[in-house]
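Note: hydrogens, waters and symmetry copies are ignored here, and every other heavy atom, side chains too, is used.
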Amino acid sequence: MGEGKSVVAEPSAGSARLLALAEAVLVAAIWSSSFVGVKYTLVYAGPLTVAGLRYFLAFVLLCPWLWRDRKALSELPRSLWGRFAVMGISQYSVGNGALFWALRFIPATAGSLVLSLVPVPVLLLGILRLGEWPRPAQVVGLGAAIGGSVLFFMPELGPGAPLALAVLAVALLGFAVFPVLGREVARDRLAGNVALTGVPLGIGGGLVLVAALATEGMPRLPPSGWGVIVGLSAVNTALGYLLFNHALRQLTAVEANVIVNLSPLGTALLAWATLGERLTAIQVGAMVAVVAGVTLVQWKRG
């Protein structure tokens, strides 16, 4: 017999999807702490400063890997760079800039829950841009998840909330663009995961940081505030978006976003423990509805 060649088995579609689901759930767990961390830093700095520092620092942390892949980056088509720019501006400049401003006036848990509406515009954009039509069971699950989110959010409304909600509506539109374009790039393997994560961060985060320096001045945070910013940049942003973008290779945009809707569960527990924000019986029931809806969206027959 001749000398055999070693063969590395490719992961099956089922195992690849399970890995993507695990990545999305881990992202939801990581992002559940984001709102609490942001609320803490907003005591010492303006919303644009917090957003700009968080996202641009995450880009800086990814720069060694971007530099390693500089040859592949230089060969990317101009149209893809345009998509990266749209993703970065919509997600980090518009979406998170508006969200961080709103978090000055609403509780951390409420800010997390209102973003559970993001799968609605993501679903519509996914149909129009990607041709990814949901199954009937997914539509029912999406409705349950959103209904539970709204039920949870309503008791949180208070003075100043209408203006904050108007700003959050702008954030919703910004957040809907990133997962659809990211799914398109990841599904078709148009760029590596580091490029898909780092380039939009550099563009969007850089624009927010420039705007922050122009309008809010130089940041003056205590050491604890800088520590939270570094943690948000390294774990919640760089690592979180690397995992999320990788999961988009297997999960549709709406599937991934509905899983991320689990983050309010972690946010609620963290806010209760660190910020003293209470949960009512209705809100607990609403969280159960969110979990049930998320499960139904991911369920596949056979």
Side-chain angles (χ1 to χ4, degrees), residues 26-64 88-89 91-115 156 158 160-161 163-164 167-168 171 174-175 197-198 200-244 260 263-264 266-278:
L26 180 57
V27 170
I30 292 173
W31 285 352
S32 66
S33 65
S34 296
F35 293 88
V36 177
V38 169
K39 287 280 285 188
Y40 176 81
T41 54
L42 286 175
V43 175
Y44 305 104
L48 293 180
T49 298
V50 173
L53 288 175
R54 172 185 173 180
Y55 297 118
F56 193 74
L57 179 56
F59 162 72
V60 172
L61 293 174
L62 291 174
C63 275
I89 293 171
Q91 180 78 5
Y92 305 115
S93 303
V94 176
N96 280 286
L99 172 63
F100 286 12
W101 184 91
L103 282 176
R104 302 177 74 181
F105 305 99
I106 59 176
T109 302
S112 181
L113 259 295
V114 76
L115 293 184
E156 300 286 348
L163 177 58
V167 175
L168 282 176
F175 286 135
T197 303
L201 274 171
I203 296 172
L207 288 176
V208 176
L209 186 58
V210 170
L213 292 173
T215 59
E216 298 174 353
M218 292 295 295
R220 300 178 181 274
L221 284 82
S224 60
W226 281 109
V228 173
I229 288 289
V230 171
L232 289 172
S233 299
V235 180
N236 297 55
T237 304
L239 176 61
Y241 277 99
L242 282 171
L243 291 171
F244 181 78
V260 172
S263 63
T267 299
L269 295 176
L270 286 172
W272 170 76
T274 61
L275 302 177
E277 297 180 6
R278 304 287 178 164

Review point. Tyr241 vs Trp31 aromatic rings, parallel, tilted or perpendicular, using cut-offs 30° and 60°?
Key: tilted

Check your understanding: Looking at side-chain heavy atoms only, is the closest gap between Arg54 and Thr41 below 4.5 Å?
Key -> no

Exercise for review: Evaluate the side-chain proximity of Leu213 to Pro219: yes if any heavy-atom separation is below 4.5 Å, no if none is.
Suggested key: yes

Practice item. Could you grab the distance from atom CD of Gln91 to atom CG of Leu99, nearest 0.5 Å is fine? Key: 10.0 Å

Point to revise | Minimum heavy-atom distance Gly37-Leu232, with the two atoms named | key: C-CD1, 4.1 Å

Review point. Would you say the side-chain atoms of Ser93 pair up with the backbone N or O of Gly204, donor to acceptor, closer than 3.5 Å?
Key: yes

Review point. In Å and rounded to the nearest 0.5 Å, what is the OH to OG1 distance from Tyr92 to Thr237?
Key: 7.5 Å

Check your understanding: Going by atom types only, do Tyr40 and Ser224 share a side-chain donor-acceptor pair under 3.5 Å?
Key -> yes

**Study point:** Contact summary for Ala45 and Thr49, nearest pair of heavy atoms
**Key:** CB-CG2, 4.0 Å

Review point. Between Ala58 and Ala238, what is the shortest heavy-atom contact and its length?
Key: CB-N, 4.1 Å

Revision key, fill the gap. Heavy-atom nearest pair, Gly97 first then Leu48, reads CA-CD2, 4.5 Å

Check your understanding: How many angstroms lie between atom CG of Leu221 and atom CG of Leu53, to the nearest 0.5 angstrom?
Key -> 7.0 Å

**Study point:** Student check: side-chain heavy atoms of Leu243 and Ile30 closer than 4.5 Å
**Key:** yes

Check your understanding: Looking only at heavy atoms, what is the nearest atom pair of Ser34 and Asn236, with distance?
Key -> OG-ND2, 2.8 Å

Review point. Do the non-hydrogen side-chain atoms of Tyr55 and Val208 ever get within less than 4.5 Å of each other?
Key: no

Practice item. Let me know which of Val230, Ile229, Val235 forms a side-chain contact (heavy atoms from CB on, under 4.5 Å) with Ser233. Key: Ile229

